[in-house]
Amino acid sequence: MENNFVPQDVLVMKFGGTSVGTVQSMKSTIQNIKRCKAERPNLVVVTSAISGATNALIKSATDAAAGNLTTAEKTTRELTARHHEMIDKLVNDPNQWLQLKMDINRMLTDFSNFCNAIKILGELSPRALDIVSSLGERMAIRVLAAGVSSAGVPAKAVEASELILTDDVFQSASPDMVRTAEKCKKHLYPLLEQGVVPIVTGFMGATEDGIITTLGRGGSDYSAAIIGVGLGATDVWIWTDVTGVMSADPRIIKDAHTIPYLTFSEISEMAFYGAKVLHPKSVKPCVDNDIRMRICNTFYPDKMGTILVKDSEARDIGKIKAVTSASGFKLVQVAGAGMDSGMAVSAKILSSLVDQGINVPMVIESSSEQAICFPVELKKIDKVKKTLTSVLEKEIQHEDIDLITVSDQVDILTVICSGLKSHPEVIAQTLNGMVEKKFDIKAMSFGPSDVSLNLIVNSADTNAALNTIHQLIHND
Ligand code: ASP
Ligand code: MG
């Protein structure tokens with residue numbers, strides 16, 4: 001018989017590694033799930049691995065491929081101990097307690113055997129790596145589901161290999177959204193109908209043939225968005241260990257504060273330029289499907305955190321919301337009087353970089369086209385210099401280009417403010433502040449995005465410049 005149950009007002013909540021990393025944080029998470037379930041019955045949980053697990057698993061496998069099993073042995077011991085302690089402290093039912101301990105032991109024994117096999121082969125294939133790296137999530141769902149059940153809320157561990165259908169690009173798989181939606185509905189609607197909270201693995205999916213894939217590091221946020229879309233959810237909440245998105249890095253800026261509302265464009269710019277708040281791919285599926293996103297703190301659940309809204313619902317237009325920095329660049333400049341032959345040289349430069357797999361986060365060109373400059377990550381500088389001297393050989397010989405210079409270390413500062421184009425005074429204030437303090441602005445870009453202004457400054461000036469800009473924020 002066809003089931004017509006369609007849950008309303010679905011809420012998907014994703015918990016990061018630190019929200020499930022210790023007995024104490026698991027307890028907070030379980031309480032948060034319990035409280036939210038009481039208010040929002042159609043609740044689905046997605047969890048990351050316990051903190052540090054994914055790194056340890058990956059390192060075990062790569063060390064095994066290099067002939068060393070010590071890391072795998074240590075990881076097996078540590079992950080056994082950490083999961084067992086959680087089971088001891090969180091699971092009441094003796095049968096469930098025993099079953100769960102046996103499950104964890106079996107999974108870690110398989111892992112240990114798998115690392116042995118990797119050592120014998122001397123090779124770690126991308127496919128094997130995804131089997132290993134998704135193990136943390138597969139253990140976490142079992143422990144969390146048992147803990148939630150013990151707290152009196154029916155819950156069931158669900159592996160996302162049942163839900164998220166992906167291509168076979170291991171480590172960075174893409175979902176088939178249509179088929180994934182069908183699977184999400186088929187597997188999760190019945191659980192919701194029975195009042196059970198599905199506790200789903202973040203980070204992983206599977207191919208058509210059921211082979212495990214992963215969505216990229218930090219991909220559990222993306223999993224939550226994918227499942228949210230699949231279920232027609234109204235909300236996706238990301239639970240983490242900070243209270244939402246901050247106006248600046250609080251380690252650098254003492255009075256940084258939580259931004260209550262941010263638009264999707266604003267946060268996308270922030271994620272791109274260094275604020276590691278959300279997996280960048282998680283935002284778009286939510287925007288496109290009108291899903292409200294919230295970023296909140298597992299340890300301060302009553303604080304609202306940050307709510308992401310559509311660009312059309314932007315608040316505080318023309319006010320700076322945040323300033324972020326991305327560090328570790330040098331500025332490469334190519335200049336020469338002969339460069340003014342249209343766009344040809346610039347195009348040649350940029351396409352040669354793309355061919356070499358070098359991403360440049362921004363490009364600034366003088367209007368005469370006699371100079372072009374762009375920041376390049378430190379570790380790619382040598383490659384860029386080599387590429388440019390070879391691809392521009394002719395121009396250099398003909399003295400059309402006389403200069404390829406590389407600056408000292410610089411950082412990219414990004415000022416986030418919706419409506420910059422209609423509020424040029426914000427740009428003026430920012431620049432005045434910088435000039436007053438005599439910071440050397442190496443380059444700047446504004447225009448392509450109405451929500452961000454990028455300034456390139458010497459790394460030595462970064463912290464002071466961030467402070468200067470942060471003082472401009474209207475904190476009202
Ligand atoms: N556990 C995975 C990672 O560490 C996924 C996640 O945390 O979102 O990358
Ligand atoms: Mg994460």
Side-chain angles (χ1 to χ4, degrees), residues 12-22 25-26 28-29 44-63 71 75-76 78-79 82-83 86 104 107-108 111 124 126-145 157-161 163-164 166 169-175 180 199-206 212-229 236-242 244-245 267 271 275-286 293-299:
V12 178
M13 305 208 299
K14 175 261 168 175
F15 292 89
T18 50
S19 299
V20 291
T22 62
S25 44
M26 270 276 185
S28 306
T29 290
V44 174
V45 167
V46 173
T47 185
S48 296
I50 64 174
S51 51
T54 315
N55 284 343
L57 291 164
I58 292 174
K59 179 134 196 339
S60 302
T62 43
D63 285 1
T71 318
T75 300
T76 307
E78 287 178 0
L79 291 182
R82 285 177 69 193
H83 288 95
M86 291 175 180
I104 298 291
M107 293 171 95
L108 284 166
F111 161 73
L124 175 62
R127 175 172 162 169
L129 179 57
D130 276 355
I131 294 176
V132 170
S133 53
S134 56
L135 180 63
E137 274 71 11
R138 295 180 50 234
M139 294 190 287
I141 51 166
R142 288 166 166 79
V143 177
L144 183 58
V158 179
E159 304 217 356
S161 42
L163 308 177
I164 300 181
T166 71
V169 181
F170 298 101
Q171 282 91 70
S172 181
S174 300
T180 295
I199 313 264
V200 186
T201 49
F203 187 41
M204 70 182 267
I212 291 182
T213 55
T214 61
L215 306 171
R217 292 306 306 270
S220 300
D221 297 339
Y222 188 27
S223 306
I226 295 167
I227 293 168
V229 172
V236 169
W237 294 357
I238 306 290
W239 291 84
T240 176
D241 56 358
V242 294
V245 183
I267 197 164
K276 294 189 184 64
V277 263
L278 265 186
H279 192 280
K281 285 188 191 161
S282 60
V283 175
K284 191 167 184 305
C286 290
M293 275 184 121
R294 176 180 163 209
I295 299 154
C296 42
N297 192 332
T298 296
F299 309 103

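First listed ligand is number 1; within each ligand, the first listed atom is number 1.
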Undergrad: Using a 4.0 Å heavy-atom cut-off, say whether S48 meets ligand 1 through its side chain, its backbone, both or neither.
TA: side chain
Undergrad: Whether the side chain of E137 engages the backbone of A49 through a donor-acceptor N/O pair (distance < 3.5 Å, no angle test) should be reported.
TA: yes
Undergrad: Counting both backbone and side chain atoms, is some N or O of S220 under 3.5 Å from an N or O of ligand 1?
TA: yes
Undergrad: Would one find an N or O of F203, backbone or side chain, under 3.5 Å from an N or O of ligand 1?
TA: no
Undergrad: Looking at ligand 1, would G136 count as a contact under a 4.0 Å heavy-atom criterion?
TA: no
Undergrad: Once salt bridge (charged side-chain N to carboxylate O under 4.0 Å, His left out) is applied, what residue pairs with a partner in residues 52-63 remain, sequence neighbours excluded?
TA: K59-D63
Undergrad: Looking only at heavy atoms, what is the nearest atom pair of D221 and H279, with distance?
TA: OD2-N, 2.9 Å
Undergrad: For A225, which residues count as a side-chain contact (heavy atoms from CB on, under 4.5 Å) partner, sequence neighbours excluded?
TA: S282, P285, C286
Undergrad: Provide the number and element of each atom of ligand 1 under 4.0 Å from a heavy atom of R217.
TA: 3 (C), 4 (O), 9 (O)
Undergrad: For ligand 1, is G17 a contact, meaning one of its heavy atoms is under 4.0 Å away?
TA: no
Undergrad: We want to know whether D130 and T214 form a side-chain donor-acceptor pair, criterion being a heavy-atom distance below 3.5 angstrom.
TA: yes
Undergrad: Got a sec: does the CZ of R217 have more than 12 other heavy atoms crowding it under 6.0 Å?
TA: yes
Undergrad: Are any of the heavy atoms in E137 under 4.0 Å away from ligand 1?
TA: yes
